[in-house]
Asks: 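Sharing a structure here in structure tokens format.
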There are 2 protein chains.
Amino acid sequence: MQHFLERLDTNQSWLVGVSGGRDSVVLLDYLVQDGFKNLVVVHVNHQLRAKASNGDAEFVEQLAQKYGLAFYGEAVDVIGLMESEKKGLEVVAREARHAVYVRAIQKHSAAGVLLGHHADDQAETVLFNLLRGSSGLKGIRFENTVTVDECVLKVVRPLLEVRRSEINDYVKSRGLEYREDASNAEAFTVRNRIRHEVMPLLVEIMRREVVPAVNGAAEVSMEQSDYLASEVVLEQFLDPQGRIFLPALLELDVVLQQAVMFQFLKTHKVPDLSRSLIAECLLVCDTVAAAKCNLPGGRWLRRKEQRLFIQQ
Amino acid sequence: MQHFLERLDTNQSWLVGVSGGRDSVVLLDYLVQDGFKNLVVVHVNHQLRAKASNGDAEFVEQLAQKYGLAFYGEAVDVIGLMESEKKGLEVVAREARHAVYVRAIQKHSAAGVLLGHHADDQAETVLFNLLRGSSGLKGIRFENTVTVDECVLKVVRPLLEVRRSEINDYVKSRGLEYREDASNAEAFTVRNRIRHEVMPLLVEIMRREVVPAVNGAAEVSMEQSDYLASEVVLEQFLDPQGRIFLPALLELDVVLQQAVMFQFLKTHKVPDLSRSLIAECLLVCDTVAAAKCNLPGGRWLRRKEQRLFIQQ
């Protein structure tokens, strides 16, 4: 863990997202042992497991007291939000957490939030994304920023290269207590099955650990995508009205066309940017193909007079 | 299949690799129906299943006769080669097949060899490579060339986007016969388990087909790697003695450093170019790190006076 923690300023104020589960309890304890002074323990109560959820919240608040740290807790009506916003559980829960983190950061003038994702989470995420149709391999970043209501939220994951087995060892050696089920409060069926069925089967078949292989491959793939994204400047392919000027785009290698299209759709806040959506949008460039394609959220990408633009 | 076959000249002579199993029997029948005239049926008898292997060879020879096509068959002592060359079954079998194809191509003046790998093979290969530590995602190419004893062998896989289910439908609709076990003659335990255990589990968990997602992601990853490889010219980083000149290499983004190192090691015929080997070799660039690292095959990569070179 040291490797990652060295990059963080121990004197700065940081939020620590603590569910009460094993991973976040280990993160918090490790940070305290490592000399972080200005930590704020943040707990989001998703209210998904009735009394047990309230038990988690109380446990985390007491943990903060034990370490002599500030506590920030909020309860979120995830089920109600799913209905009112017509979004899936995973999306609603994540957005709710981010909103809570932003409020906690503003209250405590913190630099960002530290989360307990580890190397096994990373491999599971990479496989999950691959099976859902990611473009290359996509995993969790050590550090990223999320924009929530015009606030920029910095998220850092110090344990991202630490294996679950090392976390278990740490729990034992430090005699830590945690809430058993809270670890899985955010674990939905598909992810749980990847963790408990797919990963052990792969290790058995390959007769070796597969997490380092998957995470290493994902690192290369993400570095390659980042490099390619850094190679294209979207503005160079836009006309004064902000439309993609096709003759400029089509001079590029298809790999860079993908990077331009990705940035264009992202700039227009098109959700769910899968590999197949990028590929469909690039088909619209072809003057013998259909001149438009559907975008998620009811919009269209249209081709007209050598330009591509988004229409409501 | 049409999509791929359109790129091939039906009047040219092509070898078709036929094991006698379902996939290659379908490929052969489809090519004949599609109007390919100058096909040579090639069968490599790996002699791994005693009498059954000879039965496969006879079956394929009769199949060639039935279609009125030339036949080229060779038996290979795979087990003996494994012992004498101290290599694994999969490697020895593949090298032996390539050598047979080259001899058949020379005898029949063929343009190359057509093989029956399909989309499900591709997904299984991509996952297998990922679990072994590939750099990004690596799969089978629609077309590639292999150099065997200074001969260049062109290998084309017309079925690479065809699903196994489509191949099964084709077998039924055409009433084709094939050798049940020959399909698995090259399928070793790990691959078989990926096919029969991992893939069905993933489909069940995701509740959708995963082959298109995996293959699509691999296509993007391979395109990105190819593009990056095309961006670097190895010679620009070598000194007159063919050693990597470190100050030039270190000016590059790490993604391009990987591409240069990959090409350098490949040029020197270093086998097993995994992601972790490339990463280890790039560590040698760091003047505070160890000045050499082990390469497979008993050689070393060494750093000396701002140069990297390979030592026996």
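Not measured: the values here are computed from a predicted model. Naming convention: chains lettered A, B, ... in sequence-line order (proteins, then strands); numbering from 1 in each chain.
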Asks: Considering only heavy atoms, which portion of A/Leu202 lies under 4.5 Å from any heavy atom of chain B: side chain, backbone, both, or neither?
Replies: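 Interface part for A/Leu202: side chain.
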Asks: With a 4.5 angstrom heavy-atom cut-off, could you sort out which part of B/Ser225 is near chain A: side chain, backbone, both or neither?
Replies: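 For B/Ser225, the contact with chain A is made by backbone and side chain together.
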Asks: Is any side-chain heavy atom of A/Leu137 closer than 4.5 Å to a side-chain heavy atom of A/Met222?
Replies: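 SC-SC contact between A/Leu137 and A/Met222 ruled out.
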Asks: Identify which part of A/Ile278 has an atom lying under 4.5 Å from any heavy atom of chain B, answering side chain, backbone, both or neither.
Replies: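 No part of it gets close to chain B.
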Asks: Using heavy-atom distances under 4.5 Å, tell me whether B/Val254 contacts chain A through its side chain, its backbone, both, or neither.
Replies: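 Contact with chain A involves the side chain of B/Val254 alone.
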Asks: Using non-hydrogen atoms only, which part of A/Leu130 is less than 4.5 Å away from chain B: side chain, backbone, both, or neither?
Replies: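 Contact with chain B is through both the backbone and side chain of A/Leu130.
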Asks: Return yes if a side-chain donor-acceptor contact under 3.5 Å exists between B/Arg195 and B/Asn192, otherwise no.
Replies: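 Result is no, nothing qualifies.
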Asks: Donor-acceptor check, side chain of A/Ser221 to backbone of A/Ala217, threshold 3.5 angstrom: yes or no?
Replies: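 No, A/Ser221 side chain to A/Ala217 backbone: no donor-acceptor pair under 3.5 Å.
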Asks: Counting only non-hydrogen atoms closer than 4.5 Å, does B/Leu228 touch chain A with its backbone (N, CA, C, O), its side chain (CB onward), both, or neither?
Replies: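 Contact with chain A is through the side chain of B/Leu228 alone.
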Asks: Is a side-chain N or O of B/Gln224 found less than 3.5 angstrom from the main chain of A/Gln224, in a donor-acceptor match?
Replies: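 No, B/Gln224 side chain to A/Gln224 backbone: no donor-acceptor pair under 3.5 Å.
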Asks: If we ignore hydrogens and angles and just use 3.5 Å, is the side chain of A/Asp286 paired with the main-chain N or O of A/Leu283 as donor and acceptor?
Replies: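 No: the side chain of A/Asp286 does not pair with the backbone of A/Leu283.
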Asks: Need one label for B/Ile205: side chain, backbone, both or neither, based on atoms under 4.5 Å from any heavy atom in chain A.
Replies: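 Contact with chain A: backbone and side chain both.
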Asks: Is it the side chain or the backbone of B/Gln258 that comes within 4.5 Å of chain A heavy atoms, both, or neither?
Replies: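 Side chain only.
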Asks: Pick whichever of B/Gly133, B/Ala123, B/Gly216 has the most heavy-atom pairs under 4.5 Å with chain A.
Replies: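 Greatest number of close heavy-atom pairs with chain A: B/Gly216.
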Asks: Among B/Val211, B/Leu256, B/Ile194, single out the residue with the greatest number of heavy-atom pairs under 4.5 Å to chain A.
Replies: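 Greatest number of close heavy-atom pairs with chain A: B/Leu256.
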Asks: Assess, by modelled atom type and distance only, whether the side chains of A/Asn168 and A/Arg163 contain a donor and an acceptor separated by less than 3.5 Å.
Replies: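 No, A/Arg163 and A/Asn168 have no side-chain donor paired with an acceptor closer than 3.5 Å.
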Asks: Does any backbone or side-chain atom of A/Arg208 lie under 4.5 Å from a heavy atom of chain B? Answer side chain, backbone, both or neither.
Replies: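 For A/Arg208, the contact with chain B is made by the side chain alone.
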Asks: Chain B: which of A/Lys138, A/Glu204, A/Glu231 shares the most heavy-atom pairs with it under 4.5 Å?
Replies: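 Looking at each of A/Lys138, A/Glu204, A/Glu231 in turn, A/Glu204 comes out on top.
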Asks: If we ignore angles and hydrogens, is there a donor and acceptor under 3.5 Å between the side chains of B/Asn144 and B/Arg157?
Replies: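 Yes, side-chain donor-acceptor contact under 3.5 Å.
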Asks: Taking the side chain as everything from C-beta on, heavy atoms only, tell me whether A/Asn215 gets closer than 4.5 Å to A/Leu160.
Replies: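 Counting from C-beta outward, A/Asn215 and A/Leu160 never come under 4.5 Å.
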Asks: When B/Cys285 is tested against each of B/Leu308, B/Ile244, B/Leu301 for side chain to side chain contact (heavy atoms under 4.5 Å, CB included), which residue passes?
Replies: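 That would be B/Leu308.
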Asks: So for A/Val203, is it side chain, backbone, both, or neither that comes closer than 4.5 Å to the heavy atoms of chain B?
Replies: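 Neither the backbone nor the side chain of A/Val203 comes within 4.5 Å of chain B.
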